[in-house]
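Scroll down for the structure; my scribbles are underneath it.
What you see is a predicted model, and the numbers here were worked out from it, not measured in a lab.
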Amino acid sequence: MSQSVCILGVTGSIGQSTLKVLQQHPEKYSVFAVTAHSRILELVEICKQYRPKVVVVPSSQVKELQQYFHDQCLTDIEILTDEAGLIAVAEHADVDVVMAAIVGAAGLLPTLAAVKAGKRVLLANKEALVMSGDIMMQAAHDYHAELLPVDSEHNAIFQCLPVGYFQAERNGQPKQGVSRILLTASGGPFLNHSLEQLQSVTPAQACKHPNWSMGQKISVDSATLMNKGLELIEACHLFAISEQFVTVVVHPQSIIHSMVQYVDGSTLAQMGNPDMCTPIAHALAWPERIQTHVPALNLFANQQLDFQEPDTLRFPALKLARQAMQTGGLAPAILNAANEIAVAAFLKNDIGFTEISQVVEQTLNQVEGGAAESIERILQVDQMARSAAQQIVINKGS
């Protein structure tokens, strides 16, 4: 029986990769709803090919989209708007699978709505879990949702964990013979840059990742290693493990996507070419496997695998994220909000590359955290942190 898919963030790199996988398996999957923020022409092309029942765009884009739909004879597609529209498609009764690929905090409420509707949620939006980890995981348990990781690293860990791991008690301790999670990082484009060189990095350089094709925000996060910090927090929540049992390993080739160590001395690794279609297909079809266009790994072409410890002096974002996870409560939400503001400011050339982590650290010191007792409180502190970070950015520029 065909499964109905909703893609939140269809015009981004994850959304595009999801469509590639779905296109290979039209007998298994159909596209029910897609959402986009600003790339309206790309959205129209997707609608022409996949004929979703519903699209969601910001209300400011509706008139333009209606005109395109009229011109292309697509007027049978329903248009919903803004956050209410995102939530409506995420929890829609006709949807089986939700790909949560909206970047940043904007993905939190629709992702949570999909979880509370008991969907299979393919989680590519790490920020949603960073902000609301305990609440999101509890909701997945209470509403019997399947929250499956799509980030290549978390998907790799998921593949290397023992069967039944998620049935065990969520107490932060490794279980079922697991001793440690090894979270791999490519190190980004500036792995071998000195601190002095990092100060003059441009947005164009930061967005040019050596291995992966990604959007601007995640590319900058990868360059600062904040992406790995957010993934560390995400891993702690997904796999119910304290941060002290998660080690970040820099692996520039991006062939091993992550590893799990066991008490008997075994280390299991998931390997593959760096292509997001592999983890997307795994999460879509789990526990089965489906074919993708991704070629099998050629071990004779990849003769060298390097590993090193991350340098938190040159890349302090990773240390800040670990400290936020240790603090717990609202600290990860503050970290995430400040980072989104700082990255946006860097992309506009308002601050330098090394100032991104400075903005985050100063925001963490300024904004009071406390317990993350509700989504409303998390969103309130998210806004407070954004305002504080924005002011810090302004002060740096003056």
Side-chain angles (χ1 to χ4, degrees), residues 13-14 16-18 20-21 24 101 122-124 126 148-162 178-193 205-215 218-232 234-235 238-239 245-262 265-286 289-311 314-315 318:
S13 60
I14 297 290
Q16 294 291 294
S17 294
T18 304
K20 271 190 202 174
V21 176
Q24 277 189 269
L122 312 188
L123 189 67
K126 60 180 66 67
L148 301 180
V150 167
D151 262 350
S152 61
E153 296 83 358
H154 301 89
N155 184 265
I157 294 161
F158 183 75
Q159 293 193 47
C160 292
L161 286 171
V178 171
S179 61
R180 178 163 295 277
I181 283 173
L182 302 179
L183 190 66
T184 60
S186 69
F190 312 128
L191 178 59
N192 299 311
H193 277 46
Q205 290 170 325
C207 289
K208 197 167 172 55
H209 194 279
N211 301 334
W212 296 94
S213 172
M214 306 180 293
I218 193 171
S219 294
V220 175
D221 282 349
S222 183
T224 63
L225 257 62
M226 179 59 87
N227 190 48
K228 209 49 52 180
L230 296 175
E231 286 179 4
L232 183 147
E234 186 183 8
L238 276 171
F239 308 118
F245 301 112
V246 182
T247 299
V248 173
V249 179
V250 175
H251 167 52
Q253 290 87 2
S254 297
I255 296 297
I256 292 178
H257 299 304
S258 275
M259 296 169 270
V260 175
Q261 289 186 333
Y262 287 82
S266 300
T267 299
L268 299 190
Q270 189 268 340
M271 303 168 70
N273 287 308
D275 190 314
M276 286 307 297
C277 287
T278 298
I280 289 167
H282 176 265
L284 255 179
W286 181 84
R289 300 266 179 174
I290 54 173
Q291 196 163 5
T292 71
H293 68 278
V294 183
L297 192 61
N298 183 343
L299 292 169
F300 301 109
N302 300 290
Q303 294 175 358
Q304 192 170 333
L305 299 177
D306 298 308
F307 307 97
Q308 64 192 71
E309 283 189 57
D311 183 344
R314 287 181 299 135
F315 301 99
L318 184 56

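The CE atom of Met259 sits 11.0 Å away from atom CD of Glu153, with the distance rounded to the nearest 0.5 Å. Rounded to the nearest 0.5 angstrom, Leu238 CG and Ile157 CD1 are separated by 8.5 Å. In this structure, Phe315 CZ and His193 NE2 are separated by 8.5 Å, a value rounded to the nearest 0.5 Å. Note that the CG atom of Leu305 and the CE atom of Met271 stand 5.5 Å from one another [nearest 0.5 Å]. With rounding to the nearest 0.5 angstrom, the CD1 atom of Ile181 is 10.5 Å from the CD atom of Gln261. Note that the CD1 atom of Ile280 and the OG atom of Ser152 stand 10.5 Å from one another [nearest 0.5 Å].
Proximity of a side-chain donor or acceptor of Arg314 to a complementary backbone N or O of Leu191 within less than 3.5 Å is detected. Although no hydrogens or angles enter the test, the distance criterion places a donor-acceptor pair under 3.5 Å between the side chain of Thr184 and the main chain of Ile256. Between the side chain of Thr18 and the backbone N or O of Ile14, at least one donor-acceptor pair lies under 3.5 Å. For His154 (side chain) and Glu231 (main-chain N/O), a donor-acceptor pair under 3.5 Å exists by modelled atom type. The closest donor-acceptor contact from the side chain of His257 to the backbone of Gly272 lies under 3.5 Å. The closest donor-acceptor contact from the side chain of Asn298 to the backbone of Ala301 lies under 3.5 Å.
Val220 and Cys207 get closest at one heavy-atom pair: CG2-SG, 4.1 Å. Between Leu225 and Pro310, the shortest heavy-atom contact is CD2-CB, 4.2 Å. The shortest non-hydrogen separation linking Ala281 to Thr292 is CB-CG2, 3.3 Å. Across all non-hydrogen atoms, the minimal contact from Ser254 to Ser186 is OG-CB, 3.4 Å. Of all the heavy atoms in Cys277 and Val294, the pair that sits closest is CB-CG2, 3.8 Å. Considering every non-hydrogen atom in both Pro189 and Ala206, the closest pair reads CG-O, 4.2 Å.
The shortest distance between side-chain heavy atoms of Met276 and Val150 falls below 4.5 Å. Put simply, the side chain of Leu123 does not reach to within 4.5 Å of the side chain of Pro149, judged on heavy atoms. Using a 4.5 Å heavy-atom threshold, the side chains of Val178 and Pro162 count as touching. Looking at Lys208 and Ser219, their side chains never come closer than 4.5 Å, going by heavy atoms from C-beta outward. Residues Lys126 and Asn227 have side chains in contact (heavy-atom distance under 4.5 Å, counting atoms from C-beta outward). With contacts defined as side-chain heavy-atom distances shorter than 4.5 Å, the pair Leu148/Leu284 does not qualify. Residues Ile290 and Gln24 fail the side-chain proximity criterion, which asks for heavy atoms closer than 4.5 Å. The closest side-chain heavy-atom distance from Pro295 to Asn273 is below 4.5 Å.
Donor-acceptor pairing under 3.5 Å is lacking for the side chains of Asp306 and Gln308.
Between His282 and Phe158, the ring planes are perpendicular. Angles over 60° get that label, and only those under 30° would be called parallel.
The side-chain contact (heavy atoms from CB on, under 4.5 Å) search around Leu268 returns Cys160, Tyr262, not counting sequence neighbours.
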